[in-house]
Structures are given as structure tokens and as C-alpha cells.
2 protein chains.
Amino acid sequence: MPKLGAEPIRRAALVKATIETVGEAGSLDVTVAQIARRAGMSSALAHHYFGSKDRIFLAAMRSILSIYGAEVRGAMAMAQTPHERVRAVVMGSFAAGSFRHEAIAAWLNFYVLAQSSAEARRLLHIYQRRLRSNLMHGLRPLVGDRAGSVAEGLGALIDGVYIRAALVAGDPDREAACELVLAHLEKELEVHQ
Amino acid sequence: MPKLGAEPIRRAALVKATIETVGEAGSLDVTVAQIARRAGMSSALAHHYFGSKDRIFLAAMRSILSIYGAEVRGAMAMAQTPHERVRAVVMGSFAAGSFRHEAIAAWLNFYVLAQSSAEARRLLHIYQRRLRSNLMHGLRPLVGDRAGSVAEGLGALIDGVYIRAALVAGDPDREAACELVLAHLEKELEVHQ
DNA sequence: ACATGTTTATTGACTCGTCAATCAACAACC
DNA sequence: GGTTGTTGATTGACGAGTCAATAAACATGT
């Protein structure tokens, strides 16, 4: 049965299964065996490919963050003006790949993991810096020196909407989330135009 | 050594130790023995008083939420106008008892716990409803129908500031947190006056 | 074509540690 | 002597990680 070139497929399956399992359990307190079973393999194979449970979690976290990053980049690609760019970052943050129950629940757990794992913390910081930098680029031409504090507020608001979405069962309301954050953005911009 | 009337003292010590241990570890993955040792007793005694690990966690969560509630109520007590009342809720949310590293880290973990424990979810909902209701009371006279969405935004922003504070080492900047959220509030009010 | 050796894939069974929860027993107080 | 407080020792379960063994695919030489 062993077909060659299984490694990337297995790894991807394990990452996907990890996000699903963690998302469903709402906790990092899941066993490697559960993840592996969901991915259709033995726990020994999961260890064979990733070496440890920590590494599996880290890989899943990287996947979540990289999907998020791709979605924001995708949205930004079409933006022409600074204003559109900032809106794109916000809307990209609530795109379908990231803003779904499972991913949010997993994200929250990885956020917690960052409190005890240096590597997880590092990953999270990279993405927080990138988010901030993306926002700043669009904001500076619009609000000048206030860009820093406006970006701070937007970032916190996005995180806040995420964490609250984690608690509602089922997929959250993308539309409403976007509107809430975008409304805040417009208020910040009003003052300076 | 056994002095009478130890129960409430032991319980309080365990709750305090739980918050400290969870906050320090940044994870619910702590043992009853660790908590008990920190509280200066054996793990058997912790079980004797609380029955199970879950109950210890829930008691700690209740403690955190009740301190938070008390601080908000305390701040609101001095408010005279609707505007002051809303400001009090915000400032109370960042009061010294709740807005410190340990408590925030523990709070975040209990937030996660609410994804898998019905009782934890119930506790959290009670406090979210109370927060919302407190905000609405002050907001309705100020912004009328928009009170709902403004409260939503403020709540999300407060949660966002909290979750971000969880990631920085050491105690967070109370001043800056207040200012950020209050600035948002003022922007929301500007429109309608 | 075929034998032989090497790498990759895969698992069941096992080890070893950990931890929640229990219990029996002891100590102090009334 | 019963109630309250307290612990060390024990149990029973569970789970991460290891290992030996198996099997398919590929490579090479003949």
C-alpha cells in the first residue's frame, strides 16, 4: 500500500486534522492519536513525520497564519488607493478561509500556546508586525502621525471580534464583523478629511 | 496544625494559587499538585475541598469575573451622567485588580475553557451580558438606537486590548489601554452631539 | 527478465512517565 | 468520641514517544 511521495500529503493531512480536532475540542488537550485517526493514519506515523506533538501544533499554527496572510495579501492586491488598502486589510482579515468557527477556535488556542511556547510566540509576533505594517502603509497618507495609534486600535478591534466569534457556535457573521471594524475605521478617518 | 474554620481560608488560597499558577504557566495544563503546593497544602486537601480539578478552575474563574465585576461597579458608583457612566465601565475594565499580567493570562485561559465547558461558558455569558447592559444604560441617552452597535464595538475593543495584553511580558499599560478605548468612545459620540 | 539491496511508508505493541482521584490513617479540637 | 483538618501512599487510566517488524517501491547489476 505504501505509495511514494506520501510525506507532503501526510503532513498536510495531519495539519488539517490538527486544526479540525483542536477547533472541535476547543482545546489543545487533544491526543496525537485523535489527530492521526482523523487524518487516517496511525499515531506512530504522525510522530514519524513531525517528531513531536509540539511540532505538529506549530505546523498547524503556521498553516493558519499563512492562510490568513495569503487572504490579506489577496485582498490588498486589488487596492488602488491608501483608503482601499486599509479596507482591504480589514476585509482580508475576515475572509472565508480564516473567519470560520474551526479556524477561529484553533487560532485562539494557538494564541494561548504562544504564552508558553517561544516558537509560537515568535510566529504570532511576525504576523502581528505584518498586520501593523500593512495597516500603517495605508494609514500614513490618510492620518499622518496618528497612523500608529489608529493601527493599534484597528488591530485590537480585529482581535476582539475574533475572540468573540470563538464563543458563538457555528460560523460567525462575516458581513457584520467587517462592517463593525470598517465603521470604526471611517470614524477615525472622518476627523482628518 | 489543623485549626478550625480553615475551609474558607483554604478555598481562597487555592483559588489565588490557581490564578497564579495558570497565569504563570500560561496554560490550563497545570497539575492539582502544583496548585496545592503553591497554596501550601497537599493535593489531597485540594480535592477534599473542591472535589475535582474542574471545580477548582471554575472557582478561580468565578473569582476573576467577580473581581472584574466589582471593579466596574466601583467605578460606576461615582458616575453622575450617562457619559461618565460609560467612561466608568471602560476604566473599571482596566482597573488594577483585573488588568495585570497574571489575571489576564488566566482570563484568556478561562476564555478558552469556555469552549469546552458548559459551566465556564455560562459564567462568561453572564458577565458579557452584564458588561453590555452596563454600557447600554449609559449609551442609550447619548446615541439612542446606535447604542447596540456602539456597545458591541466597545466590548470587542476591550476584549481585543485584553487579549493583546496577554502576550506582552510584565504588567500592561493601564493608561494606554484606557486612552485607546476612550478615544474610540469619544469618536462614536462626536457624531451625535 | 530477474535477483539483490536500499529507501520510504506504515503499524501494533510496548515503555515509561504523569496525574486525577481515592483511601486509610493520624492529629487536633470541642 | 465525634467532628474537622490533613497527608502519604496508592491506584487506575491515559498518553507521548519508541521500536521492531513488515511491505511496497525503486535502483542496480547481470
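To find a chain, count down the sequence lines: A is the first, B the second, and so on, and within it residues start at 1.
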Closest nucleotide among D:dT7, C:dA20, D:dA16 to the A:V32 side chain:
D:dA16
Please state how far atom CG in B:L45 lies from atom P in D:dT6, giving the value in whole angstrom units.
5 Å
C:dT10 phosphate, OP1 or OP2: any side-chain N/O from A:R10 under 4.0 angstrom?
yes
Does a salt bridge link B:E188 with B:R146, judged by any charged N lying under 4.0 Å from a carboxylate O?
yes
Would you mind classifying the nucleic acid contact of A:Y49 as base, sugar-phosphate or nothing, using non-hydrogen atoms under 4.0 angstrom?
sugar-phosphate
Provide, to the nearest angstrom, the distance between the NE2 atom belonging to A:H48 and the P atom belonging to D:dA21.
18 Å
Atom pair distance, as rounded to whole Å: CZ in A:R37 and C1' in C:dG12
15 Å
Taken to the nearest whole Å, CZ/B:R11 to C1'/D:dG5 is 14 Å
What nucleic acid atoms does B:S43 come within less than 4.0 Å of, heavy atoms only: base, sugar-phosphate, or nothing?
nothing
Quick one: do B:R38 and B:E24 make a salt bridge, cutoff under 4.0 Å?
yes
Rounded distance (Å) that lies between atom P of D:dT6 and atom CZ of B:F50
13 Å
Over all strands shown, is B:T31 touching base, sugar-phosphate only, or nothing at heavy-atom distances under 4.0 angstrom?
sugar-phosphate
Centres of the B:Y111 and B:Y162 rings: under 6.0 Å?
no
Min side-chain heavy-atom separation A:V150-A:L189 under 4.5 Å
no
Please tell me which of A:V30 and A:A44 maps to the more 5' nucleotide of DNA chain D, matching each residue to the nucleotide holding its nearest heavy atom.
A:V30
A:L14 has an atom CG; how far is it from atom P of C:dT10, in whole Å?
11 Å
Between C:dA9 atom P and A:E7 atom CD, what is the distance in whole Å?
6 Å
With the threshold set at 4.0 Å, does a side-chain nitrogen-carboxylate oxygen contact exist between B:E119 and B:R62?
yes
Please report the distance, rounded to the nearest Å, between NE2 in B:H47 and P in D:dA9.
18 Å
